[in-house]
Amino acid sequence: MVKYQETSQFCKEKLFWMGLSVIALIIWMGIEVQSYIAGKPSFLGIAYIGLFCGLLLWRYAVRYTYVLTNQELIITSQFLYVSRTFTVSLDSLESYCNQYKGNIFKRKGVSRLVHRYSAADGRTTRMLTFSQKEKPCGLLLKISDTFMNKLKTLRPKIYETM
């Protein structure tokens with residue numbers, strides 16, 4: 001049974017930076033096309049354009065849906081017609097932090113870090129630590145205060161790390 005659900009949002013300021021990145025990509029592509037026409041192709045430059053374009057798609061075009069049920073946190077990522085689901089049991093949640101601090105993951109000995117957020121989302125990046133196969137893992141996501149409060153009421157034993 002779904003307790004709370006929200007979808008990643010787009011922030012105008014973050015979309016501005018995405019627009020600048022797209023303009024830089026188009027200029028870079030123009031330079032590479034000119035050098036290809038001139039007979040001096042740069043295959044490394046073409047490969048970097050492909051990688052940069054893929055990075056932009058991954059960071060900005062993927063939409064995330066966060067669903068909180070009685071037993072688990074379900075995160076669904078969607079790009080075009082492809083969707084992927086990541087599930088975390090609420091019983092395996094250990095701690096959270098309301099802002100991203102990389103040293104927390106080092107102190108806890110996190111072996112796996114999972115990113116499930118859109119760079120265009122204007123909300124703060126929150127961190128959750130959970131156990132998977134008895135190994136500490138980390139989860140980065142952008143959720144609202146309301147979602148976080150619902151999570152804390154469903155899992156009262158979760159503690160905040162500083």
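When reading the values below, keep in mind they use all heavy atoms of this one structure, side chains included, and skip hydrogens, waters and symmetry mates.
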Closest heavy-atom pair and its distance - Phe10, Ala120: CD2-CB, 3.2 Å

Shortest non-hydrogen separation from Val110 to Gly138 and the atoms involved: CG1-N, 3.3 Å

Side-chain heavy-atom pair Leu93, Leu128 within 4.5 angstrom cut-off: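 Leu93 reaches Leu128 side chain to side chain.
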
Side chains of Leu113 and Leu140 in contact at under 4.5 Å (non-hydrogen atoms): yes

Pairs where residues 18-41 contributes a residue and the test ring-ring contact (aromatic ring centres under 6.0 Å, His included) is met, not counting sequence neighbours: none

Establish whether [X] and [Y] are linked, either directly or via other cluster members, by ILVMFWY side-chain heavy-atom contacts under 4.5 Å.
X: Val22; Y: Val33; answer: no
X: Met148; Y: Leu154; answer: yes
X: Tyr117; Y: Val114; answer: yes
X: Val67; Y: Phe130; answer: no
X: Tyr60; Y: Val82; answer: no

Heavy-atom count around [X] [atom1] within 6.0 Å, excluding the residue itself: above 12?
X: Met29; atom1: CE; answer: no
X: Gln5; atom1: CD; answer: yes
X: Tyr48; atom1: OH; answer: no

Distance check, rounded to the nearest 0.5 Å: [X] atom [atom1] versus [Y] atom [atom2]?
X: Gln34; Y: Ile37; atom1: CD; atom2: CD1; value: 7.5 Å
X: Ile143; Y: Ile75; atom1: CD1; atom2: CD1; value: 8.0 Å
X: Leu51; Y: Trp58; atom1: CG; atom2: CH2; value: 12.5 Å
X: Ser92; Y: Leu73; atom1: OG; atom2: CG; value: 9.5 Å
X: Ile74; Y: Thr85; atom1: CD1; atom2: OG1; value: 7.5 Å
X: Ile26; Y: Ile31; atom1: CD1; atom2: CD1; value: 12.5 Å

Ile49 and Glu32: CA distance, side-chain angles, deciding distance, side chain to side chain contact (heavy atoms under 4.5 Å, CB included) verdict: CA-CA 9 Å; Ile49 288 172; Glu32 289 299 325; 3.4 Å; yes

Salt bridge (charged side-chain N to carboxylate O under 4.0 Å, His left out) contacts in which one or both residues fall within residues 53-80, not counting sequence neighbours: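 Passing the test, one end in residues 53-80: no pairs.
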
Selection residues 122-138 - residue pairs positive for salt bridge (charged side-chain N to carboxylate O under 4.0 Å, His left out), sequence neighbours left out: Glu6-Arg123, Asp121-Arg123, Arg126-Asp145

Donor-acceptor pair, side chain of Arg155 and main chain of Leu90, under 3.5 angstrom: yes

Modelled atom types, side-chain donor and acceptor of Glu94 and Ser131, under 3.5 Å: yes

Ser95 and Thr129: side chain donor to acceptor below 3.5 Å: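 Short answer, yes.
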
Geometric class of the Tyr66/Tyr64 ring pair [parallel <30°, tilted 30-60°, perpendicular >60°]: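 Plane angle under 30°, so parallel.
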
Audit row: Thr76, Arg84, side chain to side chain contact (heavy atoms under 4.5 Å, CB included) steps and yes/no: CA-CA 6 Å; Thr76 306; Arg84 191 172 101 182; over 6 Å; no

